[in-house]
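Presented below is the structure to which this report refers.
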There are 2 protein chains.
Amino acid sequence: MKRKAARATISDVAKAASTGKTSVSRYLNGEHHALSAALKQRIEEAIAALDYRPSQMARGLKRGRTRLIGLIIADITNPYSVDVLSGIEAACRAQGFTLLVCNTNNEVDQERHYLQLLSSYQVEGIVVNAVGMREEALSMLQQSLLPMVLIDRKIPDFACDVVGLNNAEAASVATEHLLANGYQAILFLSEPLGLVNTRLERLQAFKATAQRHQLASAEQAEAALNEAAKLDSILRDFYQRHQQHNCAVMVANGSLTLQVARALRRLGLRWGPDIGLLGFDELEWAELAGVGITTLKQPTWQIGYAALQQVIRRIDGDEQPLAEQMFPGELVIRGSTSPQ
Amino acid sequence: MKRKAARATISDVAKAASTGKTSVSRYLNGEHHALSAALKQRIEEAIAALDYRPSQMARGLKRGRTRLIGLIIADITNPYSVDVLSGIEAACRAQGFTLLVCNTNNEVDQERHYLQLLSSYQVEGIVVNAVGMREEALSMLQQSLLPMVLIDRKIPDFACDVVGLNNAEAASVATEHLLANGYQAILFLSEPLGLVNTRLERLQAFKATAQRHQLASAEQAEAALNEAAKLDSILRDFYQRHQQHNCAVMVANGSLTLQVARALRRLGLRWGPDIGLLGFDELEWAELAGVGITTLKQPTWQIGYAALQQVIRRIDGDEQPLAEQMFPGELVIRGSTSPQ
DNA sequence: CTGTTAGCGCGTTCAT
DNA sequence: ATGAACGCGCTAACAG
């Protein structure tokens, strides 16, 4: 007695429909023009009766097309990444691809593991959501020969399609908003800059805009997400030096904004009344925190969708030089950037 | 000239090591006892030289073991689900499985689509993270014959392993906390109860505990996540009837807590000073919202990890009657449950 | 229009 | 200890 009914194969269907495997295969692949109505009918019934579903394994083995796409995410707990994932997934469904999601948890050996894995499963393309990814982790990607697209971040010296935010424009808009609201000292706060282009571009646009408008004091500081003490001292120092003017902090991403908000809490400073606060990336709780936190919202879903479309274009043989799609951000104004 | 170097196959390796495929296969599967040191050496070098990696497709086809596990998530934007996902993923890595993540977005036809897909890829087991899943969507799962485990929620009349929170205990602890802090009227607020066992169990434990302690007023109401107006009226009404006493709201899950917080904002009510607030599920921003929101934190990561272990046990042929693992929650006390 | 045949890359008897 | 040959489920080339 069998443990469980073995799955029906294409041969079973062929037998049940008293025909050959080829015709069944043709039916499955939509080559309806080459099948008589009667045969189609029989095949259809056989498939239904046996609850047959073709094995993607065998199909991929034969054709070399697995219709599989790998997604590498540095940190799946990051809301930005999750939103992007939604967009990617929607695009996959629309195009008939399946997504293999790999969360590297920002660990290099996990990334190595997953790259091998994706290769083992013969994925046809890879999307890398590099948000929050450390630089060393990115280096590993360079060896892959598959169609690949980067989200949010570029890799120095590595020619690869990129989809992300128009950082220069966004940072400029954000800075101008703060200037327009009368802030006279602004601190640009980010995780360690390194060679991370998003941070560098945002910083540069901030500086340029500040200079263009002759901002009295444009400062810059870096702190890692887990350096609470350092964050405290940076913020305390900045506030003490500028509390007589209107001063504000501009935070380069959502994860850090959360930490900054916690730090300000610890220091007893209220965003809005005491100090301005503006963060990149929308936060679902932004309106609930005190007077609300002004954010620069990214079109995350669209970014994910566009990224997947781009990989597919490459899979389909597109040899265009190099695509770099930059989406505009949207400023969501809340209480944290209203002085007094 | 070939477009890109075709991947090396097991035959290539065999040729390069001047041996047969069989030995290479044995080497790959760790049957080291049956290989001479010299041959192992040659194979090892050939694999390295060709950058060979076995095709999981072919392997799965032959052995019938794909080492693939499917995960069905109702709503990937739910932080609870993401945390659980982390745990599942860690367990997968530890056990040598790969995860196929499917986000149904709470749409029935997407679920149908993904169930077929998982079956096509011959996954060996399925984990269903039912958090936020509508009842009608769950019904579809019943037909799958694969090893399957449910997270968080049970399906009526469907024998299946379940991993989740000890709802009765958790709700009891939460209720007693409110009682101890002097609240005399408590409103239990959830999404529509339906037949969702988590909601029912939490409600029942709330009622039982309230009765045992002779709480003056224990009320209950339901509202869907998108019914802002209804939420407003429920809360306004409750507050007006009880504002002379200390009154509190207990919310059955994190997504709804977010909506409740927004509603209270709209109504101009402050949690803590004006009305008590306690929510199931930890929120990363809980401490930043006003005086902070008291939450009942679930061991999400562990729940995910345990769920995957359970599926694997079934895959390995475990025929135990039925496992129901219930983890304890942890009350995280913040300002929202301190009256006056 | 339809069936027959030959692999895709791998694991697995079964001989050597 | 090692290799030759067969077949997993499917598609593609080639007959009929």
Side-chain angles (χ1 to χ4, degrees), chain A residues 2 5-44 46-47 50-68 116-117 119-124, chain B residues 2 5-44 46-47 50-68 116-117 119-124:
Chain A
K2 276 181 283 189
R7 300 214 4 188
T9 77
I10 198 172
S11 304
D12 298 333
V13 176
K15 212 177 306 168
S18 12
T19 176
K21 305 192 297 182
T22 313
S23 298
V24 180
S25 175
R26 288 204 178 104
Y27 174 87
L28 292 174
N29 293 353
E31 300 178 30
H32 293 222
H33 61 282
L35 295 173
S36 70
L39 186 51
K40 276 203 289 192
Q41 172 79 15
R42 297 213 309 280
I43 293 178
E44 197 154 348
I47 288 181
L50 297 173
D51 188 35
Y52 165 77
R53 260 182 299 281
S55 158
Q56 296 294 346
M57 292 288 152
R59 197 188 282 235
L61 182 59
K62 179 66 190 166
R63 288 209 293 198
R65 302 192 341 173
T66 58
R67 302 285 91 173
L68 238 32
Q116 288 192 184
L117 191 84
S119 154
S120 293
Y121 278 102
Q122 319 263 99
V123 298
E124 298 185 51
Chain B
K2 275 181 284 189
R7 300 218 359 192
T9 78
I10 198 172
S11 305
D12 299 332
V13 176
K15 212 177 305 165
S18 13
T19 176
K21 308 189 300 181
T22 313
S23 298
V24 180
S25 173
R26 288 204 178 105
Y27 174 87
L28 292 172
N29 292 355
E31 301 177 28
H32 293 222
H33 56 82
L35 296 173
S36 72
L39 185 53
K40 276 203 289 192
Q41 172 79 14
R42 297 211 309 280
I43 293 178
E44 199 154 347
I47 288 182
L50 297 173
D51 188 36
Y52 166 74
R53 261 182 298 282
S55 158
Q56 296 294 346
M57 291 289 150
R59 198 187 281 236
L61 183 57
K62 182 64 190 164
R63 288 209 293 201
R65 302 194 337 173
T66 58
R67 302 284 92 176
L68 239 33
Q116 288 193 181
L117 191 82
S119 154
S120 293
Y121 278 102
Q122 319 261 104
V123 298
E124 299 184 50

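Predicted, not measured: the structure shown is a model, and the values here were computed from it. Throughout, protein chains are lettered first and strands after them, A, B, ... in sequence-line order, and every chain is numbered starting at 1.
- Here the side chains of A/Met57 and A/Leu61 are not in contact, with every heavy-atom distance at 4.5 Å or above.
- Checked against side chain to side chain contact (heavy atoms under 4.5 Å, CB included), B/Gln41 has the following partners two or more places apart in sequence or in another chain: B/Glu45.
- Atom-to-atom, NZ of B/Lys62 to P of D/dG7 comes out at 9 Å; the value is rounded to the nearest Å.
- Whole-Å rounding puts the A/Asp12 CG to D/dG9 P distance at 8 Å.
- Looking at heavy-atom distances under 4.0 Å, B/Ser25 makes contact with a base.
- Between B/Arg26 atom CZ and B/Lys40 atom NZ the span is 13.5 Å, to the nearest 0.5 Å.
- Nucleic acid contact class of B/Tyr52 (heavy atoms, under 4.0 Å, all strands): sugar-phosphate only.
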(request) Dot-bracket for DNA chain D, please, read 5' to 3', with Watson-Crick or G-U wobble pairs under 3.5 Å on both distances, ( ) within the strand, [ ] crossing, | other strand, . unpaired. (result) ||||||||||||||||
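- Atom-to-atom, CZ of A/Arg59 to C1' of D/dC8 comes out at 16 Å; the value is rounded to the nearest Å.
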Can you give the donor-acceptor pairs under 3.5 Å from side chains of residues 14-21 of chain A to other protein atoms, not counting sequence neighbours?
none

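- Side-chain contact check for B/Tyr27 versus B/Val13: every heavy-atom pair is 4.5 Å or farther apart.
- Put simply, OH on B/Tyr121 is 14 Å from P on D/dC10, counting in whole angstrom units.
- Counting non-hydrogen atoms under 4.0 angstrom, B/Thr22 reaches a base of the nucleic acid.
- As rounded to whole Å, 9 Å separates atom P of D/dC8 from atom NZ of A/Lys21.
- A straight line from CZ of B/Arg42 to P of D/dA1 spans 15 Å, rounded to a whole angstrom.
- For DNA chain C, the contact window with chain A, defined by any atom under 4.0 Å from a protein heavy atom, covers C/dC1 to C/dG9 in 5' to 3' order.
- Judged as a salt bridge (Lys or Arg N to Asp or Glu O under 4.0 Å), and not counting sequence neighbours, B/Arg65 has no contacts.
- A donor and an acceptor atom never sit less than 3.5 Å apart when one is taken from the side chain of B/Ser23 and the other from the base of D/dA1.
- One atom, CG of B/Leu35, and another, P of D/dA1, lie 9 Å apart when rounded to the nearest Å.
- The distance between atom CD1 of B/Ile10 and atom P of D/dG3, rounded to the nearest whole Å, is 12 Å.
- Taking for each of A/Leu61 and B/Leu39 the nucleotide of DNA chain D with the nearest heavy atom, the 5'-most of the two is the partner of B/Leu39.
- The line from OG of A/Ser120 to CZ of B/Arg67 is 14.5 Å long, rounded to the nearest 0.5 Å.
- Applying the salt bridge (charged side-chain N to carboxylate O under 4.0 Å, His left out) test to pairs two or more places apart or on separate chains, those with a residue in residues 51-64 of chain A are A/Asp51-A/Arg53.
- Distance check, rounded to the nearest 0.5 Å: CG of A/Leu68 to CD of A/Gln122 gives 9.5 Å.
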